[in-house]
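Here the structure is a predicted model, which is why all the values come from computation and not from measurement.
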Amino acid sequence: MTIDEQLDYLMSGTAKVIGRDELKERLKLGRPLRVKLGVDPTAPDIHFGHTVAIEKLRQFQQLGHQAILLIGDFTATIGDPTGRSVTRPPLTRDQVLVNAETYTQQAFKILDRAKTEIVYNGDWFRKMTYEEVLQLNSKATMQQMLAREDFHTRVESGREVRLHELQYPLMQGWDSVVIRADVEIGGTDQLFNLLVGRDLQKAQGMLPQIAMTLPLLEGLDGVRKMSKSYGNYIGVDEPAETMFGKVMSTSDELMDRYYQVLLGAVRDLSLHPMEAKKQLAVKLTARYHSEEAALLAKQDWETRFSKRDLASADLPEFDLMSLPEGANALELVSHLFSTVFHLTKSNGVLRKEHFMPGAIQLNDVKVNDPNSRLELKSGDILRLSKKHAVRFL
RNA sequence: GGGUAGGUUCCGGAGCGGCCAAACGGGGCAGACUGUAAAUCUGUUGUCUUUCGACUUCGCUGGUUCGAAUCCAGCCCUGCCCA
């Protein structure tokens, strides 16, 4: 690839890049660039939202550059205030380390493990003296920090901003100095933090990093950004069927967005929207599972939801032997929700939201009475809602 | 430190002695319709209870009252203005 082709490749799908020309110059140097992606291990699981940046990092890696995953083990104990309207609850160090482990493990579904450098910013921050902290602080002004939109809005709207939160951008910037980053990748909401890195590097007489932002991916609700805490995410570690199903539940607008951001493509408008969505779901599922698994998931989805044929669908199975003794329908459903689907529903809610409207069905026959005793035999299918059903063994 | 406004159920936000488990909106859940889409419509959304009802909840603690989210006192927390 020529330099220009490389540049185009690296620029593709990015939102805003500060230092595009610098990147070109830097590519001409012919040495592997140090490309940093900061990871905030507040939640262990990687979802599609994270993959946008990780995928970009992979592209750098593919061109022979040095990918650096920076685990913000120290900064996570502060909590990134980016985009937050309230202060984040801090994490304990143990939680952070456990999270970091699962996180990296999942990241290597995309990245080449052998060629990725992993660093923990606690390694340097924990050693800093207060003197050094003050010195670092002297490099930025209150005004700069308040220029950040999220801080600014919080101040304007009368919500609190804790002083330690102001440290976050500074620390992230300092990370770039320490690891001598040539490029830093992040979501569009990270732009400010990435620029702080540039400033600090310049102040230290280093070449400033190129700040490369990637679009933020909306979650399944189509409104808020994808995030575990909103419960609107698709995790890369989820089973193929779940992944496929979640993609299928997106709205048409969101589907277009996913096409664009996750595949870097435009959907084929000549196809029926549902067909286009199935193709998207297959492609995305195949990325983290296999082509075969994705096609199986598709097939299963079709039997289950299009044909509404629960009998031939691949449902979670439940051994009749492990059922609680003498349970009535209500107790049974409650038990299944918690053991199979890990959902806690109160009896009142089950009665009013599931039994009353007829969501509970045994072999397609509605069960409206929560007190009835169900005669269950092997092979029976109990539907708890449109999306939840089990087969008994 | 002074002044001032406030802390209500998942969120926003009413309520300001009984009719309050607490309006309304959002969100969630479920049903109908559908392309498990969107939009729309319906039900539901503290816990237990088949119903009646019981119990816990309106920052915390105590008090007044037959009765408090609502009144009083003390405490804790937050915003804003001033220093």
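- To the nearest angstrom, P of B:G28 lies 16 Å from CZ of A:F337.
- Contact annotation: A:T250 side-chain N/O to B:A37 OP1/OP2 distance is not under 4.0 Å.
- No hydrogens or angles were tested; on distance alone, nothing pairs the side chain of A:K298 with the base of B:U36 as donor and acceptor under 3.5 Å.
- Taking atom P in both B:C71 and B:G15, one finds a spacing of 12 Å when rounded to whole Å.
- Side-chain atoms of A:V133 and A:F125, non-hydrogen and from C-beta on, never get closer than 4.5 Å to each other.
- The distance between atom CG of A:D221 and atom P of B:U36, rounded to the nearest whole Å, is 21 Å.
- Residues from residues 354-363 of chain A lying near RNA chain B, meaning a heavy-atom separation below 4.0 Å, are A:H354, A:M356, A:P357, A:A359 in numerical order.
- Nucleotide B:U40 is matched to B:A32 when pairs are restricted to Watson-Crick or G-U wobble geometry with both distances under 3.5 angstrom.
- Base pairing of B:G67 is not made with any nucleotide, judged by Watson-Crick or G-U wobble geometry with both donor-acceptor distances under 3.5 Å.
- Going from the P atom of B:G17 to that of B:A68 covers 14 Å, rounded to whole Å.
- For the P atoms, the distance from B:G13 to B:U64 is 34 Å, rounded to whole Å.
- Contact of A:E353 with B:G28 (side chain to base): a donor-acceptor pair of N or O atoms is detected under 3.5 Å.
- Remark: A:T213 pairs with A:A15, A:K16, A:T188, A:L191, A:L194 by the side-chain contact (heavy atoms from CB on, under 4.5 Å) rule, at least two apart or across chains.
- A:R308 has its CZ atom 10 Å from the C1' atom of B:G35, to the nearest Å.
- Between the side chains of A:E184 and A:Q172, at least one donor-acceptor pair of N or O atoms lies under 3.5 Å.
- Side-chain contacts under 4.5 Å among hydrophobic residues (ILVMFWY), followed directly or transitively, place A:L382 together with A:F318, A:L320, A:L323, A:L330, A:L332, A:V333, A:L336, A:F337, A:V340, A:F341, A:L343, A:L350, A:F355, A:I360, A:L362, A:V367, A:L374, A:L376, A:L384, A:V390, A:F392.
- Atom P of B:A39 sits at a distance of 36 Å from the matching atom of B:C58, rounded to the whole Å.
- For the P atoms, the distance linking B:G18 with B:A23 amounts to 16 Å, nearest Å.
- For the pair A:D252 CG and B:U34 C1', the computed distance is 12 Å after rounding to whole Å.
- Toward the 5′ end of RNA chain B lies the nearest nucleotide of A:K366, the other residue of the pair A:K366 and A:E253 mapping further downstream.
- What separates CG of A:L350 from C1' of B:G43 is a distance of 15 Å, to the nearest Å.
- The A:F305 side chain lies nearest to B:U36 when the options are B:U36, B:G31, B:A38.
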Practice prompt. Sugar-phosphate means primed atoms, P, OP1 and OP2; the rest is base. With that split, encode nucleotides 46-51 of chain B 5' to 3' as B, S or - using protein heavy atoms under 4.0 Å.
Written response: -SSBS-

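- Comparing B:C55 with B:U36, their P atoms are spaced 48 Å from each other, to the whole Å.
- Counting to the nearest Å, the P atom of B:G35 and the NZ atom of A:K278 are 11 Å from each other.
- Across every strand in view, B:C24 sits in a pair with B:G12 that passes the Watson-Crick or G-U test at under 3.5 angstrom.
- For A:S312, the side chain to side chain donor-acceptor pair (under 3.5 Å) partners two or more places apart in sequence, or in a different chain, are A:D309.
- Residue pairs meeting the salt bridge (charged side-chain N to carboxylate O under 4.0 Å, His left out) criterion with at least one member in residues 53-64 of chain A, sequence neighbours excluded, are A:E55-A:R58.
- Taking the ring centre of A:Y230 as origin, the terminal cationic atom of A:R224 falls inside the region bounded by 6.0 Å and 45° from the ring axis.
- A:F305 belongs to a hydrophobic cluster with A:F244, A:M248, A:M274, A:V282, A:L295, A:W301, counting contacts under 4.5 Å between side-chain heavy atoms of Ile, Leu, Val, Met, Phe, Trp and Tyr, direct or through other members.
- The gap from the P atom of B:U47 to that of B:A21 amounts to 16 Å, rounded to the nearest Å.
- Every pair passing side-chain hydrogen bond (donor to acceptor under 3.5 Å, both in side chains) that includes a residue from residues 271-293 of chain A is listed here, sequence neighbours excluded: A:K278-A:E302.
- Contact record, A:W124 with A:I179: CH2-CG2, 3.8 Å, taken as the closest heavy-atom pair.
- B:U70 and B:A38 are spaced 44 Å apart, taking the C1' atom of each and rounding to whole Å.
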Per-pair distances, 0.1 Å, donor-acceptor, side chain in residues 3-10 of chain A, under 3.5 Å, sequence neighbours excluded:
from	atom 1	to	atom 2	distance (Å)
A:D4	OD1	A:K24	NZ	3.2
A:E5	OE1	A:T2	N	3.0
A:Q6	NE2	A:M1	O	3.3
A:Y9	OH	A:Q62	OE1	2.6

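- Note on A:S306: every side-chain N or O is 4.0 Å or more away from OP1 and OP2 of B:G35.
- Per the geometry, CD belonging to A:E275 stands 16 Å off P belonging to B:A37, to the nearest Å.
- Among the protein residues, A:G231 comes within range of no part of the nucleic acid, since none of its heavy atoms lies under 4.0 Å from any strand.
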Please list each protein N or O that sits under 3.5 Å from an N or O in nucleotides 22-27 of chain B, with the distance.
none

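- Taking CE of A:M255 as the start and CZ of A:R257 as the end, the distance is 14.5 Å to the nearest 0.5 Å.
- Computed from coordinates, the A:M243 CE to B:U36 C1' distance equals 18 Å when rounded to whole Å.
- Residues forming a side-chain contact (heavy atoms from CB on, under 4.5 Å) with A:R180 (at least two apart in sequence, or on another chain): A:R34, A:M206.
- Each ring pair (Phe, Tyr, Trp, His ring centres under 6.0 Å) pair with one or both residues in residues 22-41 of chain A, not counting sequence neighbours, would appear here, but there are none.
- Positionally, the nearest nucleotide of RNA chain B for A:H388 lies more toward the 5' end than for the other of A:F244 and A:H388.
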